[in-house]
2 protein chains.
Amino acid sequence: MLKITRKAEYALIALRHLNNIKDGELATVKEISTQYGIPQELLAKALQQLARAKLIEATKGPYGGYKLVTDPNEINMTKFFEILEGPMGIMDCSFDSGCNQLNACNIRTPINRINDSIRTIFDKLTLADITY
Amino acid sequence: MLKITRKAEYALIALRHLNNIKDGELATVKEISTQYGIPQELLAKALQQLARAKLIEATKGPYGGYKLVTDPNEINMTKFFEILEGPMGIMDCSFDSGCNQLNACNIRTPINRINDSIRTIFDKLTLADITY
DNA sequence: CTATTTACGACTAAATTAGTCGGGTATATG
DNA sequence: CATATACCCGACTAATTTAGTCGTAAATAG
């Protein structure tokens, strides 16, 4: 349990990398994937998602690449994971999720409390903490 | 992310059920699976794991079933999840796990800090909290 | 124009989880 | 002892999710 996907893992590695390069410099997917031994296409996808979410910014063409455009203190892990992996929580009890338990289920309330406390941790944890 | 397996979910429901029945009474897999709409065989497996781990106790034969034999305050969620789902942590960076990142990886330390804080939550959270 | 780099959807492969099945052991009861 | 009930357990299949690949497009520097 609690595993994060490789995509998120790769994205974290890349974000940390972007946070450590010099101001004004860009890093390409190729560079990052080579340096850390990450499948290029998969990393590319993750960075595209982060770019769409405006955490990083892309420059196309030769000498292009990505740079971080958001203060690492502003990016918390809840946001980060939700960009890459969708809604967070150990269980999704909503009607939409098609849970046919809902009525019979005797653990919904406690589960929601667990979800809340995990979310609280991730809310407080910023990229800056991970990147320091 | 942070999803728990259905097996763990079913086990939690069952544990809560066992915690709420009268002292000295037993509940069978069949009863529980029927009451909550859970696949019987799957629930059976989960309860067998919990029995092996001595959280609950089985009585075979007619009028048999399961009962809780551990104080709900003594069962924390770390233990519970590790019985059912193996080691917990958002990532396993150990050599054994065959991570071929290890050297290049720039996020190992922060990841381990995250793991620790999640583990801390689950350590403190007992079945009694969920079952109250 | 060409090489480089991001964007993106569709696809396949691998791994994990969910659920099923068959056969076994223990036990209460008549 | 026979039978019905209930747990035990490993092996299997099916479904779902995650990982990774591929092809094509669009922007841009030189």
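Each chain gets a letter, A, B and so on, in the order its sequence line appears, and its residues count up from 1. Because only heavy atoms are used, hydrogens play no part in the values below, and waters and symmetry mates are left out as well, while side chains stay in.
In the set C:dA7, D:dC7, C:dA18, the nucleotide with an atom closest to the side chain of B:Ala58 is D:dC7. When distances run from any side-chain atom of B:Tyr66 to the nucleotides C:dC8, D:dC7, D:dC9, the shortest one goes to D:dC7. Counting only heavy atoms from C-beta on, A:Tyr10 has its side chain closest to D:dG20 among C:dA7, D:dG20, C:dT5. Listed nucleotides C:dA18, D:dC7, C:dA7 differ in distance to B:Thr28; the shortest reach to its side chain belongs to D:dC7. Distance from the side chain of B:Pro39 is smallest to C:dT20 among D:dC7, C:dT5, C:dT20. The nucleotide whose nearest atom lies closest to any side-chain atom of B:Leu42 is, among C:dA18, D:dC7, D:dC22, C:dA18. Closest approach to the A:Thr5 side chain among D:dT18, C:dA18, C:dA7 is made by D:dT18 (side chain taken as heavy atoms from C-beta onward).
What separates CD of A:Gln48 from P of D:dC22 is a distance of 16 Å, to the nearest Å. Atom NZ of A:Lys30 is separated from atom C1' of C:dA3 by 10 Å (rounded to the nearest Å). Taking atom CG of A:Leu43 as the reference point, atom P of C:dA7 lies 12 Å away to the nearest angstrom. A straight line from CG of A:Leu26 to C1' of C:dT4 spans 13 Å, rounded to a whole angstrom. If you take CD1 of A:Ile38 and P of D:dA19, they are 13 Å apart, rounded to a whole angstrom. Atoms CZ (B:Arg6) and P (D:dT17) sit 9 Å apart, rounded to a whole Å. Straight-line distance from the CD atom of A:Glu9 to the P atom of D:dG20: 9 Å, rounded to whole Å. The interatomic distance linking B:Leu47 (CG) with D:dC8 (C1') rounds to 12 Å, in whole Å.
Under the 3.5 Å distance criterion, the side-chain polar atoms of A:Asp129 are matched with a main-chain donor or acceptor of A:Thr126. With hydrogens and angles ignored, the 3.5 Å screen pairs a side-chain donor or acceptor of B:Glu85 with a backbone N or O of B:Thr5.
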Dump the intermediate steps for side-chain contact (heavy atoms from CB on, under 4.5 Å) on B:Gln49 and B:Lys7, then the final yes or no. CA-CA 10 Å; B:Gln49 285 181 272; B:Lys7 193 167 67 173; 2.8 Å; yes
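For the pair A:Arg52 and C:dT6, the criterion of a side-chain N or O lying under 4.0 Å from OP1 or OP2 is not met.
B:Thr78 and B:Asp123 share a side-chain donor-acceptor pair at under 3.5 Å.
Note that the OG1 atom of B:Thr28 and the OH atom of B:Tyr63 stand 12.5 Å from one another [nearest 0.5 Å]. Note that CG of B:Leu43 and OH of B:Tyr66 are 8.5 Å apart. Values are rounded to the nearest 0.5 Å. The OG1 atom of B:Thr59 sits 5.5 Å away from atom NZ of B:Lys67, with the distance rounded to the nearest 0.5 Å.
The base of C:dT6 has none of its N or O atoms less than 3.5 Å from a complementary donor or acceptor on the side chain of A:Lys45.
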Which pairs, protein N/O on one side and nucleotides 25-30 of chain D N/O on the other, fall under 3.5 Å?
none

